Amino acid sequence: MRMRKKKNTELRLSKCSELLLPKEIINCEKETVLEIGCGKGSFICEMAKREPDVLFIAMEKVPDVAMLAAENAKKNGLTNVRFIIADAKELVSYFTPASLSRIYLNFSDPWTRNSQYKRRLTYRSFLEIYKYILKPNGAVYFKTDNRDLFDFSISEFEFSGFELKNITYDLHNSIFAENNIMTEYEKNFSSKGFAINRLEAYITDRAYIRIKKADPSRIDEIMPLFSDAVDYLAKNNIPQWQNGYPQKELISEDIKNGNAYVALFDNRTVGYCALFFGNDELYEVIEQGEWKNDEKYASVHRTVISEEYKGMGIGGKFVLEFEKISLEKGIHNLKIDTHELNRSMRRMIEKNGFEYCGIIHLEDGAPRVAYQKVF
């Protein structure tokens, strides 16, 4: 149910300004916990009372709602609570990798229409963001009264490599009820007889993959990835990278110019991708469509992932890292292309929020499907 518009929101928020965080990276020197969608703040305020040595940050995209939560925290004299007024899509603008110990999702919007599933805060693209900002062994704590959303979320957590623990389909009649903190929404719906679903989702080894700039010492680990990819494309009759591309000299040049990034697992190179700033000649002309805007962008090329590690969200990690780097330069657009028949690459691109824009052509005239992501 949508909250009625409140009066004097800006003025009331200004009186709580010491609790509001600007859009910049947050210092997480002490243990830091995040709640996404804090409502009127009863949950985050009670958590802050119970754990005074922990910094609790509540993210809420609706200013009127955030105002009520901030007033609640101020009224209770809580010094370890802060608020972000923003959408969850902007998390990478506030948190560095491995900075949070816990994330709480309490009664998130279920987005019940079939066309809306990608908006759910437990959809895999959001889970990749949580993996990016959670510490090793960090966890997402999730509660909802919507069984369909809960079942959907279990599948998404498992797909994204989380380990699920302490699952219950009736929280208030379970062993977890004693320490449960009820939100305003939870009190209302449980009083009407609705069962509450609850789980904990922990980071596993699959999430320990990190993205960093490539250095020359990685070249002999990078090139076999391309050799395997060329073989895979040939076996699947995809006419891409079948002319000696990309050459070792080209990858060395990427590294030298600071455009090369690798995905590392246990210090082994399991993926490679290059990021470029400035206008890309390949993208100057687009057919059968158009770019989403004419603003500055970064372009992504030469993405390759080890066969052994496919399906582990590495492509999403590259995208998140590139978004962060782009945002630091004031750029809100990424562009990428691939062969029309390269369905696995297209799935990765689309899964991570890129939208199809049209057809571009390589220097030799070969067509490629082109995508853009605005963030």
Side-chain angles (χ1 to χ4, degrees), residues 25 92 96-99 128-129 131-133 136 161 205-233 240-241 243-283 296-329 331 333-339 342 344-345 348-349 351-352 354 362 368 371 373 375:
I25 296 298
V92 294
T96 56
S99 57
E128 287 303 317
I129 297 175
K131 286 159 63 174
Y132 182 80
I133 61 180
D205 284 350
R206 289 177 61 182
Y208 290 161
I209 294 168
R210 295 287 177 248
I211 307 300
K212 63 172 291 185
K213 271 200 172 184
D215 60 68
S217 68
R218 295 283 174 182
I219 191 71
D220 290 334
E221 294 181 3
I222 294 170
M223 295 316 298
L225 299 178
F226 284 107
S227 296
D228 291 343
V230 168
D231 291 342
Y232 168 84
L233 293 168
Q240 184 178 5
W241 293 1
N243 58 353
Y245 174 95
Q247 304 86 349
K248 186 174 182 178
E249 292 76 17
L250 182 60
I251 303 304
S252 295
E253 185 177 350
D254 287 348
I255 295 172
K256 179 181 178 181
N257 293 334
N259 302 117
Y261 292 81
V262 288
L264 301 178
F265 181 79
D266 195 22
N267 203 37
R268 286 179 290 139
T269 304
V270 297
Y272 176 90
C273 200
L275 178 69
F276 299 87
F277 291 96
N279 291 336
D280 191 319
E281 292 183 0
L282 296 178
Y283 296 154
K296 291 181 179 180
Y297 63 89
S299 54
V300 182
H301 293 290
R302 298 190 267 285
T303 303
V304 64
I305 296 166
S306 167
E307 286 293 320
E308 182 182 354
Y309 291 87
K310 282 187 175 179
M312 294 176 63
I314 296 175
K317 288 185 178 293
F318 276 123
V319 173
L320 282 172
E321 182 67 17
F322 293 167
E323 283 183 36
K324 177 177 176 290
I325 295 168
S326 299
L327 286 170
E328 290 172 352
K329 296 178 178 291
I331 294 173
N333 295 273
L334 288 176
K335 293 182 180 181
I336 193 170
D337 68 87
T338 190
H339 195 281
N342 194 342
S344 62
M345 184 63 181
M348 187 282 289
I349 291 171
K351 181 177 74 175
N352 286 287
F354 287 84
L362 304 183
R368 292 290 184 266
Y371 293 81
K373 182 175 184 178
F375 46 92

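Please read all numbers here as calculations on a predicted model, not as lab measurements.
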Q: Enter the distance from Cys273:SG to Ile211:CD1 here, rounded to the nearest 0.5 Å.
A: 8.5 Å
Q. Could you state the interatomic distance from CG (Asp228) to CE (Met223), rounded to the nearest 0.5 Å?
A. 11.0 Å
Q: Report the C-alpha separation of Ser252 and Asp254 in whole Å, then their side-chain angles, then the decisive distance to 0.1 Å, and conclude whether the side-chain hydrogen bond (donor to acceptor under 3.5 Å, both in side chains) test is met.
A: CA-CA 5 Å; Ser252 295; Asp254 287 348; over 6 Å; no
Q | Under the ring-ring contact (aromatic ring centres under 6.0 Å, His included) test, residues paired with Tyr261 that sit two or more places apart | A | Phe322
Q. Listed by chain and number, what are the salt bridge (charged side-chain N to carboxylate O under 4.0 Å, His left out) partners of Arg218, not counting sequence neighbours?
A. Glu221
Q | Residues in salt bridge (charged side-chain N to carboxylate O under 4.0 Å, His left out) contact with Lys212, at least two apart in sequence or another chain | A | none
Q: Could I get the full list of side chain to side chain contact (heavy atoms under 4.5 Å, CB included) partners for Ala229, not counting sequence neighbours?
A: Trp241, Val304
**Q.** salt bridge (charged side-chain N to carboxylate O under 4.0 Å, His left out) against Glu328, all qualifying residues, sequence neighbours excluded
**A.** Lys324
Q: Tell me, please, which residues at least two apart from Tyr232 pass ring-ring contact (aromatic ring centres under 6.0 Å, His included).
A: none
Q: Would you give the length of the straight line joining atom CD1 of Ile255 to atom CD1 of Ile219, rounded to the nearest 0.5 angstrom?
A: 4.0 Å
Q) Got Asn333 and Lys296 here, is their nearest side-chain heavy-atom distance under 4.5 Å? A) no
Q) Which residues satisfy the side-chain hydrogen bond (donor to acceptor under 3.5 Å, both in side chains) test with Glu307, sequence neighbours excluded? A) Lys310
(Q) My understanding is that only residues two or more places apart in sequence, or in another chain, count here; which of them pass side-chain hydrogen bond (donor to acceptor under 3.5 Å, both in side chains) with Glu249? (A) none
Q | Minimum heavy-atom distance Ile331-Ala298, with the two atoms named | A | CG2-N, 4.0 Å
**Q.** For Asn352, all residues meeting side chain to side chain contact (heavy atoms under 4.5 Å, CB included), sequence neighbours excluded
**A.** Val319, Met348
Q. Looking at side-chain heavy atoms only, is the closest gap between Ile133 and Thr96 below 4.5 Å?
A. no
**Q.** Residues that Tyr245 engages under side-chain hydrogen bond (donor to acceptor under 3.5 Å, both in side chains), provided they are two or more places apart
**A.** Arg302
Q) Taking only residues two or more places apart in sequence, or in another chain, which ones meet Asp337 in a side-chain hydrogen bond (donor to acceptor under 3.5 Å, both in side chains)? A) Tyr283
Q: Output all residues satisfying ring-ring contact (aromatic ring centres under 6.0 Å, His included) with Tyr132, sequence neighbours left out; order by chain, then residue number.
A: none
(Q) If you apply the rule side-chain hydrogen bond (donor to acceptor under 3.5 Å, both in side chains), what do you find for His301 with Asn259, and how did you get there? (A) CA-CA 10 Å; His301 293 290; Asn259 302 117; over 6 Å; no
Q) Under 4.0 Å between a Lys/Arg side-chain N and an Asp/Glu carboxylate O for Asp220 and Lys248? A) yes
Q | Closest contact, heavy atoms only, Ile25 versus Val92 | A | CD1-O, 4.1 Å
